[in-house]
Amino acid sequence: MSDPKTFFLDEEEIPFEEGQTIIQAALTAGKYIPHLCYHPEFKPHGSCKLCTVRIDSRTVTTEDGQSVKIPGRAAASCTTPAQAGQHVESEVPEILDLRRTLVQMLLVEGNHYCPSCEKSGKCLLQGLAYDLGVMDPHFPQYFSKREVDASHPDILLDLNRCILCELCVRASAEVDKKNVFAISGRGNTKHLICNSESGELGDTNLAATDKAANVCPVGVILHKRHGFEVPYGQRRFDKAPISDNPVQYAPVKEQV
Ligand code: SF4
Ligand code: FES
């Protein structure tokens with residue numbers, strides 16, 4: 001039998017199987033690494049960068065006897081394979097700061113007015129912001145002006161909250177085999193589109209039971225007639241912070 005392989009995550013030894021990424025091995029071992037676009041049922045996407053870690057930092061001694069830390073490379077743990085003996089830093093101030101900045105950028109890029117959003121309390125972006133201690137937006141608000149599409153009988157789309165994780169795109173293509181969603185545009189005009197001649201969701205064959213209709217980690221793809229059903233205090237992240245559950249699969253299936 002070959003020796004079990006391990007790497008170190010914040011100095012804790014984590015076992016892994018050949019071919020696993022750092023985040024897969026960490027989550028399997030019960031260690032939370034923040035993530036938004038990673039979902040265990042889909043190929044890693046690598047777009048949100050929330051799962052960034054530092055790999056193999058070194059401490060060297062200078063000629064005058066000072067210890068100096070040389071930071072290792074920053075990498076997305078959802079796309080980086082685990083390697084034996086690797087030293088990975090996740091819960092360190094520099095990486096936590098970087099994640100806070102990324103969350104702040106996402107929060108100002110869209111219209112995340114949580115008090116009026118049905119997803120509040122069970123939204124991965126909001127849950128991460130609380131967990132990371134994001135206290136202010138820091139950057140100027142972008143005030144996006146994207147369409148709200150209410151053309152579908154069962155599903156509502158508020159594209160002003162989209163974080164372009166492409167989970168719905170991947171779910172529709174890979175699981176539902178329908179290709180209902182796609183991404184269009186470049187740079188800050190990049191946005192989610194629906195694959196119908198009119199461009200409206202109501203003219204696609206999306207069903208409320210499709211994986212794509214139940215995978216959005218934020219408040220974009222919402223089920224009509226199902227809003228604010230869970231009382232404050234009992235919502236998913238009211239009960240426990242996001243980091244309490246290492247495997248933050250995209251939100252649990254909605255009632256339809
Ligand atoms: S609609 Fe939701 S699942 Fe789809 S790309 Fe936007 S945030 Fe991700
Ligand atoms: S979870 Fe790794 S880049 Fe999004």
Side-chain angles (χ1 to χ4, degrees), residues 20-27 31-55 74-82 88 90 95 98-99 101-103 105-107 109-112 117-119 122-128 131-132 144 146-149 152 155-176 178-185 190-195 199 201 204 206 210-223 242-243 246-254:
Q20 273 190 321
T21 58
I22 292 173
I23 204 170
Q24 282 171 335
L27 297 178
K31 293 280 146 207
Y32 176 67
I33 296 181
H35 52 279
L36 281 176
C37 69
Y38 172 75
H39 186 299
E41 292 171 42
F42 302 104
K43 279 191 217 110
H45 188 240
S47 64
C48 76
K49 304 293 180 221
L50 256 300
C51 69
T52 298
V53 290
R54 265 215 188 280
I55 300 173
S77 60
C78 68
T79 51
T80 307
V88 178
S90 175
I95 294 294
L98 170 87
R99 291 183 186 141
T101 304
L102 289 170
V103 167
M105 288 165 80
L106 285 170
L107 287 174
E109 194 277 337
N111 296 339
H112 297 282
C117 178
E118 202 293 306
K119 222 45 180 276
K122 54 181 175 179
C123 164
L124 295 198
L125 179 62
Q126 186 195 47
L128 266 173
D131 210 53
L132 290 164
S144 67
R146 297 180 208 120
E147 298 290 316
V148 171
D149 182 342
H152 191 283
I155 302 291
L156 174 80
L157 281 188
D158 185 344
L159 296 174
N160 294 295
R161 301 170 183 153
C162 182
I163 57 169
L164 298 172
C165 67
E166 295 193 35
L167 277 170
C168 59
V169 178
R170 288 178 276 165
S172 192
E174 294 169 27
V175 181
D176 309 328
K178 291 186 177 177
N179 285 316
V180 166
F181 297 108
I183 300 290
S184 178
K190 203 168 162 185
H191 61 287
L192 188 75
I193 55 166
C194 301
N195 281 322
L201 188 65
T204 69
L206 179 82
D210 285 353
K211 184 82 178 174
N214 296 282
V215 80
C216 183
V218 294
V220 181
I221 305 178
L222 298 171
H223 288 252
I242 196 167
S243 55
V247 187
Q248 284 301 340
Y249 294 178
V252 281
K253 198 166 161 51
E254 304 282 339

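Treat the numbers as computed from the prediction; the structure is a model and nothing was measured. Whatever order the structure lists ligands and atoms in, that order sets their numbers, starting from 1.
- Metal site remark for atom 4 (Fe) of ligand 2: Cys48 contributes an N, O or S atom at a distance under 2.8 Å.
- With a 4.5 Å cut-off on side-chain heavy atoms, His191 and Leu159 do not count as touching.
- The closest protein non-hydrogen atom to atom 6 (Fe) of ligand 1 is Cys162 SG, 2.3 Å.
- Shortest contact from atom 3 (S) of ligand 2 to any protein heavy atom: Lys49 N, 3.1 Å.
- Under a 4.0 Å criterion applied to the non-hydrogen atoms of Cys51, ligand 2 contributes the atoms 1 (S), 2 (Fe), 3 (S).
- With ligand atoms numbered from 1 in the order given, ligand 2 contributes 1 (S) to contacts under 4.0 Å with heavy atoms of His35.
- Contact annotation: for Pro44 versus ligand 2, there are no heavy atoms closer than 4.0 Å.
- Residue His45 does not count as close to atom 4 (Fe) of ligand 2, with no N, O or S atom under 2.8 Å.
- Side-chain contact between Cys165 and Pro217: present, with at least one pair of heavy atoms (C-beta onward) separated by less than 4.5 Å.
- Distances from atom 8 (Fe) of ligand 1 show that Cys216 has no N/O/S atom below 2.8 Å.
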Practice task
Check the pair Ile155, Ile221 against side chain to side chain contact (heavy atoms under 4.5 Å, CB included), reporting the backbone distance first and the verdict last.
Solution key: CA-CA 7 Å; Ile155 302 291; Ile221 305 178; 3.7 Å; yes

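- Near Pro217, with a cut-off below 4.0 Å to any heavy atom, the atoms of ligand 1 are 3 (S).
- Within the 4.5 Å cutoff, the side chain of Leu201 has heavy atoms near those of the Val180 side chain.
- Taking every non-hydrogen atom of Glu166 and a distance limit under 4.0 Å, the qualifying atoms of ligand 1 come out as 5 (S), 8 (Fe).
- Nearest to atom 8 (Fe) of ligand 1 among the protein's heavy atoms is Cys165 SG, 2.3 Å.
- Atom numbering of ligand 2 starts at 1 in the shown order; those under 4.0 Å from a heavy atom of Ser47 are 3 (S).
- If you number the atoms of ligand 1 from 1 as listed, the ones under 4.0 Å from a heavy atom of Val218 come out as 7 (S).
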Exercise for the section: Please report the C-alpha distance between Lys211 and Glu41 in whole Å, then the side-chain angles of each, then the deciding distance to 0.1 Å, and finally whether the side chain to side chain contact (heavy atoms under 4.5 Å, CB included) criterion is met. Expected result: CA-CA 11 Å; Lys211 184 82 178 174; Glu41 292 171 42; 2.8 Å; yes

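- Contact annotation: the side chain of Arg170 approaches that of Cys37 to within less than 4.5 Å [non-hydrogen atoms, C-beta and beyond].
- Using a non-hydrogen distance threshold of 4.0 Å, Ile163 registers as a contact of ligand 1.
- Ala212 approaches Cys168 most closely through the heavy-atom pair CB-O, 3.6 Å.
- Residue Ser90 forms a side chain to side chain donor-acceptor pair (under 3.5 Å) with just one option from Arg54, Arg99, Lys31, and that option is Arg99.
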Handout entry: Asn195 vs Thr204, side chain to side chain contact (heavy atoms under 4.5 Å, CB included): CA-CA, chis, key distance, verdict
Key = CA-CA 7 Å; Asn195 281 322; Thr204 69; 5.5 Å; no

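- Using a 4.0 Å cut-off between heavy atoms, Arg161 makes no contact with ligand 1 at all.
- Applying the 4.0 Å criterion to heavy atoms of Leu192 picks out, from ligand 1, the atoms 1 (S).
- The shortest non-hydrogen separation linking Gly185 to Lys190 is O-CG, 3.7 Å.
- The proximity of Ile183 to ligand 1, defined as any non-hydrogen pair under 4.0 Å, does not occur for either the backbone or the side chain.
- Near Cys78, the atoms of ligand 2 lying under 4.0 angstrom from a non-hydrogen atom of the residue are 1 (S), 2 (Fe), 3 (S).
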Handout entry: Worked verdict on Tyr38 versus Thr79 for side chain to side chain contact (heavy atoms under 4.5 Å, CB included)
Key = CA-CA 9 Å; Tyr38 172 75; Thr79 51; over 6 Å; no

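- Under a cut-off of 6.0 angstrom, the local environment of CD in Glu147 is sparse, with at most 12 non-hydrogen atoms contributed by other residues, nucleotides or ligands.
- Near Cys168, meaning under 4.0 Å from one of its heavy atoms, ligand 1 places the atoms 1 (S), 3 (S), 4 (Fe), 5 (S).
- Heavy-atom separations between Ala171 and ligand 1 are all 4.0 Å or longer.
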